[in-house]
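Read through the structure below, which is laid out as structure tokens, and then see the notes.
Sequential numbering from 1 along the given sequence is applied to the chain's residues.
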Amino acid sequence: YEEFGKDIVCSAVSSSVILTVNLLERLNAKFECKENANIPLISLIINESNSLIQTILENLVDSLNEISKQYKKYLQINTKRHL
């Protein structure tokens with residue numbers, strides 16, 4: 001959206017993801033968080049889930065959807081569920 005250091009979309013997304021990751025770590029959840037250095041992409045892979053973790057993830061998606069409503073051009077959200 002803006003140059004590095006002034007990008008409010010990147011900042012909002014980063015804050016939402018970091019908050020979620022920190023909470024998952026506090027809960028000792030089994031997950032992986034991967035970033036792609038070449039393109040702005042974050043993958044959050046949940047290896048074991050329960051209702052609390054699902055609620056936390058739903059909150060993350062809700063937060064990202066709210067950001068995306070204002071900045072559709074700059075944020076794409078892709079959620080995949082594997083059973």
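- Screening residues 13-24 for salt bridge (Lys or Arg N to Asp or Glu O under 4.0 Å), with sequence neighbours left out, gives no hits.
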Donor-acceptor contacts under 3.5 Å from residues 22-33 side chains, at least two apart:
residue : atom : partner : partner atom : Å
Asn22   : ND2  : Ile18   : O            : 3.4

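- With rounding to the nearest 0.5 angstrom, the CD atom of Glu58 is 10.5 Å from the OG1 atom of Thr79.
- Residues that satisfy the side-chain contact (heavy atoms from CB on, under 4.5 Å) test with Asn50, not counting sequence neighbours, are Leu52, Ile53.
- Val61 and Val13 fall into different hydrophobic clusters, where Ile, Leu, Val, Met, Phe, Trp and Tyr residues are linked whenever their side-chain heavy atoms come under 4.5 Å apart, directly or through other members.
- For residues 38-47, the set of pairs meeting the salt bridge (Lys or Arg N to Asp or Glu O under 4.0 Å) definition, not counting sequence neighbours, is empty.
- With hydrophobic clusters built from ILVMFWY side chains whose heavy atoms lie under 4.5 angstrom apart, Ile77 shares a cluster with Val9.
- Residues Leu44 and Val17 fail the side-chain proximity criterion, which asks for heavy atoms closer than 4.5 Å.
- In this view, Lys72 satisfies the salt bridge (charged side-chain N to carboxylate O under 4.0 Å, His left out) rule with no residue, not counting sequence neighbours.
- Shown here are the side-chain contact (heavy atoms from CB on, under 4.5 Å) partners of Ser16, two or more places apart in sequence or in another chain: Leu60, Ser63, Leu64, Ile67.
- Looking only at side-chain heavy atoms (C-beta outward), Ile45 and Lys34 come within less than 4.5 Å of each other.
- Interatomic distance, Leu57 CG to Ile46 CD1, rounded to the nearest 0.5 Å: 4.5 Å.
- Atom OG of residue Ser51 and atom CD1 of residue Ile56 lie 9.5 Å apart, to the nearest 0.5 angstrom.
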